[in-house]
Structures are given as structure tokens and as C-alpha cells.
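One structure is given below, encoded as C-alpha cells.
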Amino acid sequence: MTTTERQHAGRLARKVALITGAARGIGAEIAQAFMREGATVLLTDIRDGDGARRAHDLSSKFPEATPARYRRLDVRDDGDWTASMEELRSSHGRLDILVNNAGITGFESIEEGVAPPAHDPEHGSLDAWRAVLATNLDGVFLGCRAAIRIMRAHPPTGSGGSIINMSSRSGLVGIPGAAAYAASKAAVRNHTKTVALYCAEQELSIRCNSVHPAAIRTPMWDAMLGPPDAPERAAREADAVRDTPLRRFGTTAEVAALAVYLASDESAYTTGGEFVLDGGLLAGAAAPPRVAS
């Protein structure tokens with residue numbers, strides 16, 4: 001197989017994708033999975049150093065693919081979205097896949113050893129509430145709007161365009177200590193369905209689905225569980241997933257595998273859906289295994 005043939009043999013061959021929050025964690029893993037499947041990928045984030053390094057590393061890892069690129073995109077900024085869409089239009093003529101992955105919990109200051117503000121319904125401040133919704137909800141609204149506009153003007157390849165919105169298990173249940181995060185992710189779930197219905201009503205070949213991960217092992221957890229090599233790390237991890245039927249964290253690769261399906265032509269009849277990756281947490285309680293006497 002020639003280099004050109006390898007480039008066009010994947011499930012996302014010839015597709016152009018933009019991923020937000022792609023400098024690390026789930027977004028970085030999705031970028032890698034998309035490149036492995038033949039997509040041309042634009043990584044975006046506000047962590048410029050991490051994002052640029054990630055794009056360089058991916059380009060080195062997949063030398064037969066179109067090199068990954070990085071650009072700064074603050075998902076709260078309408079102008080950044082406009083500039084990003086123009087770059088894609090100028091460079092590739094279209095956008096086929098948008099992954100709205102960028103998001104915050106409101107507890108990011110823990111990573112710097114600083115106590116975060118309260119996020120419960122009684123003590124949370126309006127500023128803290130608005131900061132979470134600006135990234136998690138406004139960012140998704142702006143991303144969906146930008147994607148619809150460019151996909152209408154420059155139709156995607158294959159079965160049409162795919163918008164993948166990263167919600168959360170917290171968008172399906174209440175979280176007493178993280179009210180803003182839960183509310184934002186619930187809104188992402190609902191907006192996803194609105195976008196899916198709107199695109200169908202407009203007879204646009206664009207589908208939109210939401211992904212709802214629960215405990216996925218990413219750097220975000222290190223602040224709460226301790227460094228990966230800490231002696232107490234294993235015990236803390238086990239305690240964190242004690243109520244999860246599968247009793248383990250999910251992996252970023254498992255989330256990325258679902259994103260590949262939703263981005264590919266295999267999901268051409270899938271829109272307005274919500275996909276939960278939570279180890280069975282929302283299914284109910286799992287009885288402990290019986291031990292034979």
C-alpha cells in the first residue's frame with residue numbers, strides 16, 4: 001500500500017475536523033484517533049504550549065497523514081470562531097467534523113493548590129456560575145452555530161457533517177456540589193437535540209450528538225487523587241469508582257473510539273442521540289458477586 005493509499009484508507013479518510021480543548025485529556029486522545037483514521041485535524045485550545053506540542057507530536061506519529069495543526073481558540077470568543085472557520089475554508093474548503101470538547105468544572109484552581117469557589121446552590125456566586133456556563137454552554141452554542149454556517153455554505157463529504165458535543169453524566173443527574181457544571185452539561189444535552197432537529201428541518205446534511213462520560217482518567221483527576229505514582233493513589237481511585245458497577249475509571253481511548261464512530265459515515269442515521277460512557281453507573285446498582293460456600 002502506498003503512502004497516498006494509507007492516507008485514504010481510514011474510517012475518516014478525506015474528512016476535515018476541528019477539536020476544541022484538544023491540548024490534553026479527552027480532546028487530545030480524540031485528535032489522535034481521528035488522525036489514525038485518516039482525518040485532517042485542527043487542534044484548538046487556550047493552552048498554547050501544550051496544544052502546539054500535541055500537534056507536533058501527532059504529526060510525527062502519523063507521518064503519512066496530513067500534518068496536524070494547532071491554533072488558539074477561546075470557545076467563548078465569537079471572533080475566534082469566525083477566524084477558525086475562515087482558516088478551514090481557506091485551507092481545506094470545508095469542515096466535516098466539529099468536536100465541542102472544551103469545558104471546565106469550576107474547580108480548576110485545585111491544580112494550582114488553590115481552594116476553588118463554592119459551586120453548590122446555596123453558596124455559589126453568580127460570577128462563578130457564569131464562568132462555567134460561558135465556556136461549557138456559550139462555547140458549544142458558538143461552535144454549533146459556526147459549524148452549521150460553514151457546513152451549509154460548503155457541504156461536507158460523505159454522509160454529511162457531524163457535530164459532537166461533549167456533555168457529561170452530570171448532565172443527566174443532579175450534582176449538589178457542582179451546580180453550574182451540572183446545569184451547563186444538561187443544557188449541552190438539550191441544545192444538541194435542538195441542533196439535530198434544526199438541521200433536519202432545514203434539510204441540511206448535518207447530524208449532532210452528545211457524549212456523556214463519567215469518571216474518565218485524565219489529568220484533571222490528579223489534583224483530587226494525587227500524583228499517579230503516589231502510594232495512596234490506587235486506594236483513592238478505588239474509592240472514587242466504588243459505586244460504579246464496572247469498578248474502574250474509563251479511558252480517554254474509550255471516549256475517542258465513540259467519537260470516531262459518531263464522526264464517521266457509519267453513524268449517518270444517528271442524530272439527536274446521547275451516548276453514555278459511565279461503567280454502568282446510571283443503570284442502577286450492581287450486586288456484589290456471590291461467593292460459593
Side-chain angles (χ1 to χ4, degrees), residues 17-31 42-51 54 70-85 98-112 114-121 124-148 163-172 174-175 177-192 194-195 208-216 218-224 252 255 259 274:
L18 185 153
I19 305 168
T20 68
R24 65 177 192 170
I26 290 173
E29 192 72 42
I30 291 174
L42 177 62
L43 293 83
T44 70
D45 210 299
I46 57 173
R47 298 173 181 268
D48 295 333
D50 291 342
R54 186 63 179 172
Y70 171 79
R71 74 166 288 133
R72 182 179 181 84
L73 168 56
D74 184 335
V75 297
R76 302 165 297 183
D77 189 316
D78 197 4
D80 277 10
W81 278 108
T82 299
S84 297
M85 294 301 112
L98 170 64
V99 182
N100 279 314
N101 170 73
I104 63 173
T105 62
F107 299 96
E108 282 70 25
S109 63
I110 293 177
E111 297 183 42
E112 284 88 45
V114 179
H119 279 280
D120 64 81
S125 71
L126 185 58
D127 285 345
W129 169 275
R130 285 175 171 169
V132 173
L133 266 69
T135 295
N136 294 2
L137 181 55
D138 295 356
V140 168
F141 163 72
L142 291 172
C144 289
R145 189 179 71 176
I148 293 169
I163 300 173
I164 303 168
N165 293 330
M166 199 62 61
S167 181
S168 169
R169 178 193 76 95
S170 301
L172 301 170
I175 307 294
Y181 182 75
S184 69
K185 292 301 186 178
V188 167
R189 170 183 180 260
N190 191 270
H191 190 61
T192 295
T194 295
V195 170
C208 186
N209 296 283
S210 59
V211 177
H212 299 255
I216 305 298
T218 66
M220 178 188 74
W221 283 92
D222 292 344
M224 292 173 276
T252 54
V255 181
E274 53 194 62

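- When every heavy atom of W81 is checked against every heavy atom of L18, the shortest pair comes out as CZ3-CD2, 4.2 Å.
- By the side-chain hydrogen bond (donor to acceptor under 3.5 Å, both in side chains) test, S84 pairs with R71, sequence neighbours left out.
- Considering every non-hydrogen atom in both G177 and F107, the closest pair reads O-CZ, 3.3 Å.
- Judged as a side-chain hydrogen bond (donor to acceptor under 3.5 Å, both in side chains), and not counting sequence neighbours, N190 has no contacts.
- Checked against side-chain contact (heavy atoms from CB on, under 4.5 Å), A180 has the following partners two or more places apart in sequence or in another chain: H119, W129, V132, L133.
- In this structure, the side-chain hydrogen bond (donor to acceptor under 3.5 Å, both in side chains) partners of R24, at least two apart in sequence or on a different chain, are E111.
- The stretch residues 73-85 participates, sequence neighbours left out, in these salt bridge (Lys or Arg N to Asp or Glu O under 4.0 Å) pairs: D74-R76, D78-R145.
- Atom CZ of R72 is separated from atom CG of D45 by 8.5 Å, given to the nearest 0.5 angstrom.
- With D120 contributing its side chain and A179 its backbone, the two residues share no donor-acceptor pair below 3.5 Å.
- Closest non-hydrogen pair, G21 versus A102, comes out as N-CB, 3.7 Å.
- Of all heavy-atom pairs spanning M166 and V255, the tightest one is CE-CG1, 4.2 Å.
- Applying the side chain to side chain contact (heavy atoms under 4.5 Å, CB included) test between T135 and each of T20, I46, V75 identifies V75 as the sole match.
- A pairwise comparison of heavy atoms in R54 and A23 identifies CB-O, 4.1 Å as the closest pair.
- Identified under the salt bridge (Lys or Arg N to Asp or Glu O under 4.0 Å) test for residues 177-191, with sequence neighbours left out: R189-E274.
- Among residues two or more places apart in sequence or in another chain, the side-chain hydrogen bond (donor to acceptor under 3.5 Å, both in side chains) test is passed with H212 by S167, S210.
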I would like to know whether I26 and T218 meet side chain to side chain contact (heavy atoms under 4.5 Å, CB included); could you show each step before the answer? CA-CA 7 Å; I26 290 173; T218 66; 4.1 Å; yes
Verdict with reasoning, Y70 to D48, per side chain to side chain contact (heavy atoms under 4.5 Å, CB included): CA-CA 8 Å; Y70 171 79; D48 295 333; 2.6 Å; yes
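- For A31, the side-chain contact (heavy atoms from CB on, under 4.5 Å) partners at least two apart in sequence or on another chain are I19, V41, L43, L58.
- Minimum interatomic distance between G25 and T252 (heavy atoms only, all atoms of both residues): C-CG2, 4.0 Å.
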Working note: T44 + L42, criterion side chain to side chain contact (heavy atoms under 4.5 Å, CB included); need CA distance, chi angles, decisive distance, verdict. CA-CA 6 Å; T44 70; L42 177 62; 4.1 Å; yes
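- For D50, the salt bridge (charged side-chain N to carboxylate O under 4.0 Å, His left out) criterion is met by R53, not counting sequence neighbours.
- Here side chain to side chain donor-acceptor pair (under 3.5 Å) pairs that include residues 98-110, with residues two or more places apart or in two chains, are N100-N165, T105-E108.
- Residues that satisfy the side-chain contact (heavy atoms from CB on, under 4.5 Å) test with A147, not counting sequence neighbours, are L95, L98, M151, I163.
- Every residue was checked against the salt bridge (charged side-chain N to carboxylate O under 4.0 Å, His left out) condition with R130, not counting sequence neighbours, and none meets it.
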